Amino acid sequence: MSVPEEVQVSQGFGNVLIIGLGMIGGSVAKALKDRGLATLYGSDRRETELSLGVSTGVIDFAVELTPDVIAKMDIILLATPVRAMEHVLEVIAPMLKSNTLVTDVGSTKASIIASAKRVFGEVPANFIPGHPIAGAEKSGVLAANPNLFEHHKVIVTPSVTSDLQLLDQLHMFWSAIGAEVVSMDVDHHDLVLAGSSHLPHLLAYTLVDSLANSDLRQDVFRFAAGGFRDFTRIASSDPVMWRDVFLANKDATLVVLKEFMDRLEEMKGAIETSDSASMFGVFTRAKSARDHFMRLLEERGAGNEASVASIGVSFPLMSSVKGKVSLSGDKSLSHRAIAMAALAEGVSVLSNLDIGSNAKLTVQAFRDMGVVIEEYGEDRLRIHGVGLCGLKAPIAPINVGNSSTTLYILLPVLAGQNFDVSLVGEGELLNLPLNDVLSVVKSMGADVSASVSSGLPVHIKPNRLPQSDIAVQGSYAQAKMAAILAGCYVSGNVGFGTAVLNRNHTENLMSAFGCELQAKSDSFEYPKDRRLKAADITLPADVTKTAWLILLATILPGSKLEIENVLINSTRTGYLSLLKKSGANIATLSSLNSIPEVSEKISIQFSSLSAFSINEDEAFLVREELVFLCVAAVFAKGSSRINGLSKLPFECEERLRSLVDSFMKLGVVCSIGNDYVEIEGSTPQGGELDCAGDYLLAMAQMALGARSSGVIKVQDCFGLFEEFNEFERVTESLGIQCSVAQ
């Protein structure tokens, strides 16, 4: 047999060779052929299977493994028994092109990796093992089922040297025939499969063989009910294949078999001694295992800060991000929308809020001052506004916790009321100097007393002195937000002089609540009527959480992600633009003209990134997402440079420097100066990192683990779960198998 001279290559995966035309190999071939995704070639030592494959339309051509055949192939799938794969690799190795994807369907991986090393001297970058978790007891090409892999998982086990473009192609290959593709470490795969698949087969074979050779065999088989049939069904599988599986995965099988035998011996003892309590304990534990796991998750979420602080997250190697997601609203916008609705006239309905622990502080503060706020689900509030000056004096000082956003909102608002009030806080907020916002409050005519360090606690006594203008003191978004809110209580406008103002979310929200600001060259001009009117508002997704998911989908082969409500704001698109310049595959699917911000549905797929340079203006623009761009630089080809570190807000600069320390700890080649960082594209090593409770740093460190040479565990993730309370739901829904442990 030889390659036909005239071959019509599919626009999907081109020429695909299936070596081993049994039930699995035949099902892959038929699935591709029925969907028109490839031109199918088959090779098998059994001539009858090849003939049946052609005659039944499973494959297009039956071929032998010759240089001409191998040279024409885009993908080669090894579907032989595990023990035969080394011989096949020996045959094709001299003829193999470096850009031909070679993969397999074997249920063990360590033995196949060892075979590849013996044949090639190392695991070639184009050899990426895989294992479809699907099958049936039938064998041979006549059992081929084109729908066999739909809604079933396929595990791929790449190495750090795997070709990323071919890995991405492998993900698409299996996804195209209906499978859900996940990634896993080789050793972990073999242990997991030894417990979940190999041990059950071993038990089924052994049980049937034991009963078939007992004196009771006739009555046992005659009176066996559905339970026996269901448990022993898999004993009808191919004995040759399973013999090879157990020989290939001997070590992992022995580990799980010993654990099972120890438990079985304990059960035998319980039966011998009529120990009903032990038996009942085993049965109830097995029945309630999943419920117990869910209770642990709930306890962790409800635990105190000391227990939450010990949470560590291990990020999986070579996972992928797949699916569609709609994230909860931007955290900072949620604070501001709640405040403006409380100060508006009428009833507002706010949807898709991020009502995390910090936003709850803003809600509680306004409730303490007489605002009726009703909750509808986890992300929806109905707020009965009291007007700009309609708040009532609280019975105690207002505790803003550790939320700087709550504090910067309340200070100018309270300066506009007719009662005295004190503000207290907790944690790091106690050390935050408030000069920028206190100057705004003082310019409103209020008497302000603060701590010696110009921080909390703060006492405000409104004075109502005639003031015409408010000036922004500082260049950051929170100072600007405070000044704009203060402008509602004075007769003049808000000037920003030489301050750098590059975020317009607050004025967009003001417009949504009926107070349209006009931006001039150096000020905001207010309308004559500065009152806020009730509005129904749906917030777009949180910017930083969106940025993290976009990063993961960009750097992880096999990823295909859709995010439905991405905030598209003229001051917040720098992150997407910089990623696109370096080669990211990001496309807009649709635009939504929602109030108060425009949002878009976007798609992101894996792409190879090139090195990039960021100037100081760009760095300041993307300051919160800068750590994610640094991670992108680690996985980009070449040397990337980020300038303007000294111009960043203190917390952003410190976060970036902490991330660079993490890079160095993981072996990433980089250098950092007073005003720049340079990062060489490389593969991080595994290891343990500490994010010190900073949730942005935690997410950046986790992303490093996506393509590291070993598992990366991030400690002290309490801030992550406080700020990103839907973290586990989102990651699980997108196929990111993070391991969370206290």
Side-chain angles (χ1 to χ4, degrees), residues 1-21 24-44 50 53-54 57-80 85 88-89 91-106 112 116 119-120 123-132 144 146 149 154 156-159 161-179 181 320 557-560 585 605-608:
M1 292 174 285
S2 60
V3 180
E5 294 183 3
E6 298 294 332
V7 176
Q8 295 298 317
V9 178
S10 164
Q11 293 183 352
F13 299 105
N15 295 327
V16 176
L17 170 61
I18 310 291
I19 302 177
L21 212 58
I24 293 292
S27 295
V28 173
K30 192 163 180 59
L32 291 168
K33 195 164 188 299
D34 285 3
R35 292 167 174 80
L37 294 173
T39 301
L40 276 305
Y41 298 80
S43 178
D44 198 297
L50 283 176
V54 174
V58 172
I59 59 174
D60 296 303
F61 306 105
V63 295
E64 294 178 350
L65 302 182
T66 64
D68 287 344
V69 168
I70 302 303
K72 288 181 178 289
M73 295 305 136
D74 297 292
I75 298 176
I76 297 175
L77 178 74
L78 310 184
T80 65
M85 288 188 185
V88 175
L89 289 174
V91 172
I92 67 174
M95 323 174 217
L96 197 59
K97 296 186 301 181
S98 61
N99 62 345
T100 297
L101 170 62
V102 182
T103 187
D104 75 302
V105 297
I112 294 171
V119 172
F120 295 95
V123 181
N126 61 329
F127 177 55
I128 308 174
H131 176 205
F149 308 103
V154 171
V156 296
T157 57
S159 67
T161 59
S162 295
D163 185 298
L164 297 180
Q165 296 294 341
L166 294 180
L167 177 57
D168 189 54
Q169 185 182 29
L170 182 59
H171 275 262
M172 292 188 288
F173 177 85
W174 286 111
S175 298
I177 56 178
V181 189
S320 60
S559 294
K560 188 173 183 180
N585 186 353
Q605 290 183 260
F606 164 76
S607 56
S608 295

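If you're wondering where the values come from, they're calculated on a predicted model, not measured in any experiment.
Side-chain contact between Leu32 and Phe13: present, with at least one pair of heavy atoms (C-beta onward) separated by less than 4.5 Å. Inter-residue side-chain proximity for Ile76 and Leu96 is flagged as met; some heavy-atom pair is nearer than 4.5 Å. Taking the side chain as every heavy atom from C-beta outward, Leu17 and Ile70 approach each other to under 4.5 Å. Taking 4.5 Å as the limit, some side-chain heavy atom of Phe127 sits within range of a side-chain heavy atom of Ile112. Considering only heavy atoms from C-beta on, Val181 stays 4.5 Å or farther from Phe173 through its side chain.
Closest of all the heavy-atom pairs between Ala31 and Ile177 is CB-CG2, 3.6 Å. Scanning both residues, Ser320 and Pro557, for their nearest heavy atoms gives CB-O, 3.5 Å. When all heavy atoms are compared, the tightest approach of Ala176 to Leu37 is CB-CD1, 3.6 Å. The nearest pair of heavy atoms linking Gly106 to Asp104 is N-OD2, 2.8 Å. For Ile24 against Pro132, the heavy-atom pair with the smallest separation is CG2-CG, 4.4 Å.
Counting only distance, with no hydrogens or angles, the side chain of Asn126 and the backbone of Thr100 share a donor-acceptor pair below 3.5 Å. Between the side chain of Ser43 and the backbone N or O of Leu65 there is no donor-acceptor pair closer than 3.5 Å. Judged by distance alone, with hydrogens and angles left aside, the side-chain atoms of Asp74 form a donor-acceptor pair with the main-chain N or O of Asn15 at under 3.5 Å. Under the 3.5 Å distance criterion, the side-chain polar atoms of Thr103 are left unmatched by any main-chain donor or acceptor of Leu77. A distance-only check finds a donor-acceptor pair linking the side chain of Asp168 to the backbone of Gly558 [under 3.5 Å]. Side-chain atoms of Asp34 never come within 3.5 Å of backbone atoms of Pro146 as a donor-acceptor pair (strictly under, hydrogens ignored). With hydrogens and angles ignored, the 3.5 Å screen pairs a side-chain donor or acceptor of Lys97 with a backbone N or O of Ala71. Between the side chain of Ser162 and the main chain of Ile128, no donor-acceptor pair closer than 3.5 Å is present.
Note that the CG atom of Asp44 and the CD atom of Glu64 stand 12.0 Å from one another [nearest 0.5 Å]. In this structure, the separation between CG on Asn99 and CG on Leu101 is 10.0 Å, given to the nearest 0.5 Å. Between atom NE2 of residue His171 and atom NZ of residue Lys560 there is a gap of 14.0 Å, rounded to the nearest 0.5 Å. Atom NE2 of His131 sits about 9.5 Å away from atom CH2 of Trp174, to the nearest 0.5 Å. The OG1 atom of Thr80 sits 8.5 Å away from atom CG of Leu89, with the distance rounded to the nearest 0.5 Å.
With sequence neighbours left out, Ala79 forms a side-chain contact (heavy atoms from CB on, under 4.5 Å) with Ile18, Val105.
Atom NZ of Lys33 is surrounded by more than 12 heavy atoms from other residues, nucleotides or ligands within 6.0 Å.
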Next on the checklist: Under the criterion side chain to side chain contact (heavy atoms under 4.5 Å, CB included), I'd like the reasoning laid out for Leu40 against Val58: C-alpha separation, chi angles, the key distance, then a yes or no.
Outcome noted: CA-CA 8 Å; Leu40 276 305; Val58 172; over 6 Å; no

